[in-house]
Amino acid sequence: MSTADDVLKKQAIEVLDRNRMGNYTCPSKKLYPHQWSWDSAFIAMGLATFNQSRAQQELWSLFKGQWNDGRIPHIIFHYPDREYFPGAEFWQSSCSEEAPAHLFTSGIIQPPVHATSVLSIYKYARDTSLARTFLSVLFPRLKAWHHYLHSKRDPNDEGLVYICHPWESGRDNSPLWDFPLENIAGNTDEIPSYERVDNTVINPSERPEDTDYDRYIYLANIFKNCRYEDYFMLAQSPFVVHDVLFNSLWCQANRDLAEIARIIGEDPEPFQGWAGQTAQAVNGKLWDPGHGIYIDYDLVNRQHLDVHVASGFTPLFAGIPDEPKKEAMLDYLNSTCFCRLGDDCYALPSYDKCGPGYAPRKYWRGPVWININWLIYKGLVRNGLNKYARWVRRSILQLPGKFGFHEYFEPELGKGLGASNFSWTAALVLDTLYDEELK
Ligand code: 2M8
């Protein structure tokens, strides 16, 4: 490893230490002081490169918040008093009998990267016998999580799981949601009064608009009134989407859970079967042949969301596209719409630069995010698209190296945006560096 990489590694570890909250790591001390579901899965992958037991503890702590029905809520409030909106008091998880009795959580979910994270801890483990025990202990929990997703979020057994809130996608104000949210919450009487905290911590121009938050709160309030019972949530939600990123991660998580089952001598079915079914459904329903990218489907308005975001390339991560699709995707990636090889830009902005409403500094509407980049980087490597993979890898390491471990970055100049010392940025830099060490 070069001296520069060594320095980066040390700084990344410092970020994760700074955000440590006992048994878990928060995404950012000021902006996000609780435990987030997919953040923790990414964080554990980074921790696994230098501290196996802390990585295991990170996920163990997350699974403490798992509900009886198997769902992993998107936020766990281990210390409910820490300032964040919407906090434990808003969600009132205790209104559901499925929620854990001694811990406050939210009631919605986030992308399922957990089996992938657990398998990566095992692969990186220095103490393999300890890691094997960890797999055995977590297997029933992961199994319950996957059964929840399959039975509740794919009730028609289509191979695609739905999301019912932009927060469930992990990309809150993505331009993807502009159309499905357009006709929601017109009547302000139906929105409980609330006060944001995020835009007092971060420059509001880099965060979602108040009108976005109105819709987030309106939807979350519907779900609370349903006591987080999925059947009613689905029936009442005006926002129901088959999302490309969520389903790509679902597909890979099932491949990884099948692998975990094989390692510990359990049955890899049904996970292997579900992964195949999802890959087929993503190709069948979500591929946009005109543009060389995968697109979401809006189940309420029964139409595709013709919006091209970087996460539309994440099926590469799960080995979903065939050769012609891969070529078409590479052509689109390697263009001025995203970031062409050798051009003066950072690969990849979260949204097509030529798309309407592209905003290079506004949260999920343009800036570069390290987790999406990392998924695409891994996907490109998996598919042998090495030249462009190195181009994305360069951004993953250069952006935090030059500008600090920010939450997101401006795609042309690289300026750091959102929270500083952001955990998954640090964790995925560590994973990217470690990947090289393993070679
Ligand atoms: C952001 O979302 C939360 C709500 O869940 C927020 O804005 O308060 C998203 O970037 C999400 O993907 C992430 O998990 C979370 C914590 O980093 O922050």
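Just follow the structure's listing: the first ligand is 1, and inside any ligand the first atom is 1.
- Salt bridge absent: Asp5 and Lys10 never bring a charged side-chain N and a carboxylate O closer than 4.0 Å.
- Legend: residues meeting side-chain contact (heavy atoms from CB on, under 4.5 Å) with Ser335, ordered by chain and number and at least two apart, are Tyr332, Cys337.
- Here the protein heavy atom with the shortest distance to atom 11 (C) of ligand 1 is Gly170 O, 3.5 Å.
- At under 3.5 Å, a nitrogen or oxygen of Gln110, whether backbone or side chain, sits near a nitrogen or oxygen of ligand 1.
- Of the N or O atoms in Pro27, none lie within a sub-3.5 Å distance of an N or O in ligand 1.
- Below 30°, between 30° and 60°, or above 60°: for Trp250 and His146 the angle between ring planes is between 30° and 60°, a tilted geometry.
- Taking the six-membered ring where tryptophan is involved, the planes of His147 and Phe271 are perpendicular, since the angle between them exceeds 60° and thus also 30°.
- Residues Lys285 and Glu158 are paired through a salt bridge, judged by an N-O separation under 4.0 Å between the basic side chain and the carboxylate.
- By the 4.0 Å N-to-carboxylate-O rule, Lys362 lies too far from Glu410 to be salt-bridged with it.
- Atoms of ligand 1 found under 4.0 Å from any heavy atom of Arg207 (numbered from 1 in listed order, with element): 6 (C), 7 (O), 8 (O).
- An N or O contact shorter than 3.5 Å is missing between Glu407 and ligand 1 by distance.
- Closest to atom 1 (C) of ligand 1, if we only count protein heavy atoms, is Tyr363 OH, 3.0 Å.
- Inclusion of Trp369 in the set of residues having an N or O under 3.5 Å from an N or O of ligand 1 is not warranted.
- Scanning all protein heavy atoms for the shortest distance to atom 10 (O) of ligand 1 gives Trp364 NE1, 3.2 Å.
- Taking the six-membered ring for Trp and thresholds of 30 and 60 degrees, Phe338 and Phe313 have ring planes more than 60 degrees apart, a perpendicular arrangement.
- The distance from ligand 1 to the heavy atoms of His74 drops below 4.0 Å at these ligand atoms: 5 (O).
- Residue contacts with ligand 1: Trp38 is placed with a nitrogen or oxygen under 3.5 Å of a nitrogen or oxygen of the ligand (distance criterion only).
- In this pair, Tyr32 and Phe422 present their aromatic rings perpendicular. The plane angle is above 60°, beyond the 30 to 60° band.
- The closest non-hydrogen atom to atom 17 (O) of ligand 1, taken over Asp39, Leu31, Asp172, Ile43, comes from Asp39.
- Taking the six-membered ring for Trp and thresholds of 30 and 60 degrees, Phe85 and Tyr213 have ring planes inclined between 30 and 60 degrees apart.
- Between the choices Tyr216, Tyr408, Tyr84, the shortest heavy-atom distance to atom 4 (C) of ligand 1 belongs to Tyr84.
- Each of the following atoms of ligand 1 lies closer than 4.0 Å to a heavy atom of Phe422: 17 (O).
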